Asker: 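Sharing a structure here in C-alpha cells format.
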There are 2 protein chains.
Amino acid sequence: MKSVDTPTNCMQCPLRSSLFESLGRKELSCVHLNKREVVMEPGEQLVRSGDKITHFLYLQSGLLKLFTESDSRREQIISISRPRDFVGLLNIFSDTHHRYSMSAITDVRFCMIEVDCIKQLVDNNGFFARELLKNMSIAVDHILKDSYNLRSLQMHGRVAYVLYELSTEIFGSTGFELPLSRKEVGQMVGVSTENVIRVMSEFRQDGIIRIEGKKIYVLEPERLRLLTIRG
Amino acid sequence: MKSVDTPTNCMQCPLRSSLFESLGRKELSCVHLNKREVVMEPGEQLVRSGDKITHFLYLQSGLLKLFTESDSRREQIISISRPRDFVGLLNIFSDTHHRYSMSAITDVRFCMIEVDCIKQLVDNNGFFARELLKNMSIAVDHILKDSYNLRSLQMHGRVAYVLYELSTEIFGSTGFELPLSRKEVGQMVGVSTENVIRVMSEFRQDGIIRIEGKKIYVLEPERLRLLTIRG
DNA sequence: CGCGGCTTTGATGTTCATCAAGTAAAGTGG
DNA sequence: CCACTTTACTTGATGAACATCAAAGCCGCG
C-alpha cells in the first residue's frame, strides 16, 4: 500500500460519485481534508476480516474482491468491486469491525475517507443519506441477485454466469483479460477449480468462447446467456 | 388481508421500533396518519415480486417469508422476518418495484406506512436516516451471513443450521413448533424435501432432536451447533 | 368419501468434489 | 541466467453426496 503524493482535489474530481452531488462546498472540502488517496498492487490485501472499520473506501480504478476467509481452503468470493464503487459499504453502519476481507485483483487506486466524516454528513444532510441508502441498496441487490441466481444453477450455468457478468457488466466487451484465476472463479460460484477448467474447456470446444492465455473472447454471447438461466 | 378496525396510536405503540425514537411528535403523528394496520392468515401472500412498492412494512406479530418465485418448482426462501422487523427494507431505496415475494407463515399483524412518508423523514431527519441505514445494514448482514455460511455446508449442516437458528434466534427456546413445512426448510437451504426428512430422522435417531408432530425439541443444542459449523 | 398436499422410505442415477499425476508458467535465490 | 521451487493449469479415474423417481401412508378439507 502506498499513499499517492498528489491527491486529487475532491472539488474537481473527475470520478466524483453522484453520491456527492448533494454536498455543498463546505461539506465537500471537509471530505477533501479527511481523505487519503492510495494505490495497491495485485494480490495486496486492504482489509482483513475482523479489522476495525476506520475508513470509507471509494474505488477510483482497478478491481477488488470481497471475500470470506474463515477457512483458507474454503475462501468464498462475495463480490467484485469496480471503479466508482463504494467498497464494503455493507456493514459500515451496523458494525465496528469488518466482516469480510478485501484484496486487490489488479492495480488499484482508491480514496479513504474517515467514517466519522461520512456519518456526520448523513446526520446533517438528508439528501446525502438518501443517496447513500440508494447506493447501498443497489450494491446489496446485486449481491443477493447473484447469490440466489447461482444457487439454482449447476456448474455449467455457474461458470457461464461468471464469464457472462465479466463480459457484460465489468468489461462491457466480448473480449477481455480474465482478471481471476480458475480457482477464484470457482470460489465465486462454488465449483471446484478442476471443474471450472473442465467446463471452460467444454465451452471452448463448443465454440462458445475462445481462450488465448488470459484472454477470453465470448464468441456466442447468446448461448452463454441461455446457460446462465437454465443450467 | 384485513384492515384492523382500531389501529394502534403510533405515539404510544408498545412495539415501537428504536428507529422511531429520533422522531419528534410532529413527525410521529405524520407516520400515524399515513399508516394502515393489517392482519393476514397463514399462506396469504402480501407481495408478489414485480408489484409496485407503495408501503414500508413493519411486522408487529407473526412470521413472514421473503422468497423468489421465478420458477414455481424452484422457489427459494431468502429470509424469515420476525416481529419488529422492517420487511423488505432491502430495495426500498433502489427500486420502484419489489424484487421478491412475501407470504405470511403464521397469523401476522403489521403496519403499512406510505413510502413517501419514510422518504421525507430521511430527507429531513439525519438521525432517522442513520438509524435506517443501521437497520438495513443489520438485515443485510444477516442474510449474507446465512447465505455464505450455508454455501460451505452440506446437507446435514444445512438442516442443522435451520433448526439451530429457529431455536436460538426466532423462538429463543429449545422447544418450538416448526412453522415451516419440510419443503420450505429445503427451500431455505437448498436441499431436497426428501433429504430434509431423512436428515431430520437421523437427528432424531441420534438423539439430537425429538419430533412430535409439528413440535421440535432440541435435546442436544451443542451437537446441533457443531453441525452448523463443520458439516 | 375422495382429492390434493405433506410426509416418509427405498432404489436409482447424476452431478460433482476429490485424488492423483503430469505439464506449463512464474517467481526466487545463487 | 540457470537450477529450483512454487503456483497455476490440465486431464483422467473414482467415489461420495445428493437429486430424483416411485410408491405408499397420512391428514385436513370440501
Side-chain angles (χ1 to χ4, degrees), chain A residues 41-44 65 71-77 103 105-106 150-163 177-206 209-216 227 230-231, chain B residues 41-45 65 71-77 103 105-106 150-163 177-205 209-216 227 230-231:
Chain A
E41 293 175 8
E44 269 194 271
K65 65 174 179 182
D71 182 352
S72 61
R73 304 180 313 107
R74 293 187 183 279
E75 205 171 289
Q76 299 186 67
I77 297 178
S103 290
I105 292 178
T106 63
L150 285 170
R151 219 169 86 165
S152 70
L153 295 173
Q154 40 204 50
M155 63 176 187
H156 290 80
R158 290 181 180 194
V159 174
Y161 200 95
V162 181
L163 296 177
E177 183 145 335
L178 189 65
L180 305 166
S181 68
R182 310 291 193 255
K183 188 175 166 192
E184 286 173 317
V185 172
Q187 288 170 342
M188 280 190 73
V189 294
V191 171
S192 71
T193 310
E194 293 92 325
N195 280 330
V196 170
I197 290 162
R198 271 186 268 265
V199 170
M200 280 177 61
S201 274
E202 286 181 43
F203 288 170
R204 180 173 43 72
Q205 284 160 33
D206 292 350
I209 61 174
R210 187 148 52 91
I211 305 175
E212 287 176 11
K214 278 275 167 200
K215 274 267 183 189
I216 304 281
L227 281 165
R230 293 207 298 177
Chain B
E41 294 176 6
E44 270 194 272
Q45 187 157 359
K65 66 174 177 182
D71 183 351
S72 60
R73 305 179 314 108
R74 292 186 183 280
E75 207 171 288
Q76 297 186 70
I77 297 178
S103 289
I105 292 178
T106 63
L150 285 170
R151 220 169 84 166
S152 71
L153 296 173
Q154 42 203 50
M155 61 177 191
H156 290 81
R158 291 181 181 194
V159 173
Y161 200 95
V162 180
L163 296 176
E177 182 144 338
L178 189 65
L180 305 166
S181 68
R182 310 290 191 257
K183 189 174 165 191
E184 285 173 317
V185 172
Q187 289 170 341
M188 278 190 74
V189 294
V191 171
S192 71
T193 310
E194 293 92 327
N195 280 329
V196 170
I197 290 162
R198 271 185 268 264
V199 170
M200 281 178 62
S201 274
E202 286 181 44
F203 288 170
R204 180 173 43 72
Q205 285 161 33
I209 61 175
R210 186 148 51 90
I211 305 176
E212 286 177 11
K214 278 277 167 198
K215 274 267 185 189
I216 304 280
L227 281 166
R230 293 207 298 177

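Naming convention: chains lettered A, B, ... in sequence-line order (proteins, then strands); numbering from 1 in each chain. What you are looking at is a predicted structure, and each value in this text was computed from that prediction instead of being measured. Just so it is clear, the values below take in all heavy atoms, side chains as well, and ignore hydrogens, waters and symmetry mates.
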Asker: Between the base of C/dG10 and the side chain of B/R198, is there a donor-acceptor distance below 3.5 Å?
Answerer: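 Result: at least one qualifying N/O pair found.
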Asker: Heavy atoms from C-beta onward define the side chain here; which of D/dT20, C/dT9, D/dT11 lies closest to that of B/S201?
Answerer: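 Nearest listed nucleotide: C/dT9.
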Asker: Could you tell me which non-hydrogen atom of A/S152 sits nearest to which non-hydrogen atom of B/Q76, and how far apart they are?
Answerer: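 Scanning both residues, the minimum pair turns out to be CB-NE2, 3.9 Å.
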Asker: Round to the nearest Å and state the distance from B/E194 atom CD to C/dT8 atom C1'.
Answerer: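 Those two atoms, CD and C1', are 9 Å apart.
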Asker: Taking CE from B/M155 and P from D/dA19, how many angstroms apart are they, rounded to a whole number?
Answerer: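 Going from CE in B/M155 over to P in D/dA19 covers 7 Å.
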Asker: Starting the side chain at C-beta, find the nucleotide from D/dC9, C/dT7, D/dC18 nearest to A/I197.
Answerer: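 Nearest nucleotide to the side chain: D/dC9.
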Asker: How close or far is atom P of D/dC18 from atom CG of B/L153, stated in whole angstroms?
Answerer: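 From B/L153 CG to D/dC18 P: 10 Å.
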Asker: If I take atom CE in residue A/M200 and atom P in nucleotide D/dC9, what distance separates them, rounded to the nearest angstrom?
Answerer: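 So the CE-P distance, A/M200 to D/dC9, works out to 9 Å.
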Asker: Select base, sugar-phosphate, or nothing to describe what A/S192 touches, counting heavy atoms under 4.0 Å on all strands.
Answerer: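 Base, at least one base heavy atom under 4.0 Å.
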Asker: Can you tell me how far C1' of D/dA19 sits from NE2 of B/H156, to the nearest Å?
Answerer: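 My rounded result for the distance is 15 Å.
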Asker: Which nucleotide, C/dT18, C/dC6, C/dT15, lies nearest any side-chain atom of A/Q154?
Answerer: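 Closest of the options to the side chain of A/Q154: C/dT15.
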Asker: Report the distance from atom CZ of B/R182 to atom P of C/dT9, rounded to the nearest whole Å.
Answerer: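 The distance from CZ of B/R182 to P of C/dT9 comes to 10 Å, rounded to the nearest Å.
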Asker: Which whole-number value in Å describes the distance from B/K214 NZ to C/dG5 C1'?
Answerer: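 It is 12 Å, rounded to the nearest whole Å.
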Asker: Between B/R204 and B/S201, is there a side-chain donor-acceptor contact under 3.5 Å, judged purely by atom types and distance?
Answerer: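 Yes, a side-chain donor-acceptor pair sits under 3.5 Å.
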Asker: Decide salt bridge (Lys or Arg N to Asp or Glu O under 4.0 Å) for B/E75 and B/K65; before the verdict, give the C-alpha distance in whole Å, the side-chain angles of both, and the deciding distance to 0.1 Å.
Answerer: CA-CA 11 Å; B/E75 207 171 288; B/K65 66 174 177 182; 3.7 Å; yes
Asker: Is it the case that more than 12 heavy atoms not belonging to B/E41 sit under 6.0 Å from its CD atom?
Answerer: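 Atom CD in B/E41 is not crowded, with 12 or fewer foreign heavy atoms closer than 6.0 Å.
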Asker: Given that A/N195 and B/R204 both sit by DNA chain C, which one's nearest nucleotide is further toward the 5' end?
Answerer: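 This one resolves to B/R204.
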Asker: Quickly work out the A/L150 CG to C/dC16 P distance and round it to whole Å.
Answerer: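 It is 13 Å, rounded to the nearest whole Å.
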Asker: Stepwise, does the salt bridge (Lys or Arg N to Asp or Glu O under 4.0 Å) test hold for B/R182 with B/E184?
Answerer: CA-CA 5 Å; B/R182 310 290 191 257; B/E184 285 173 317; over 6 Å; no
Asker: A/G190 near the nucleic acid: base, sugar-phosphate alone, or nothing, with a heavy-atom cut-off under 4.0 Å?
Answerer: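 The residue A/G190 makes sugar-phosphate contact but no base contact.
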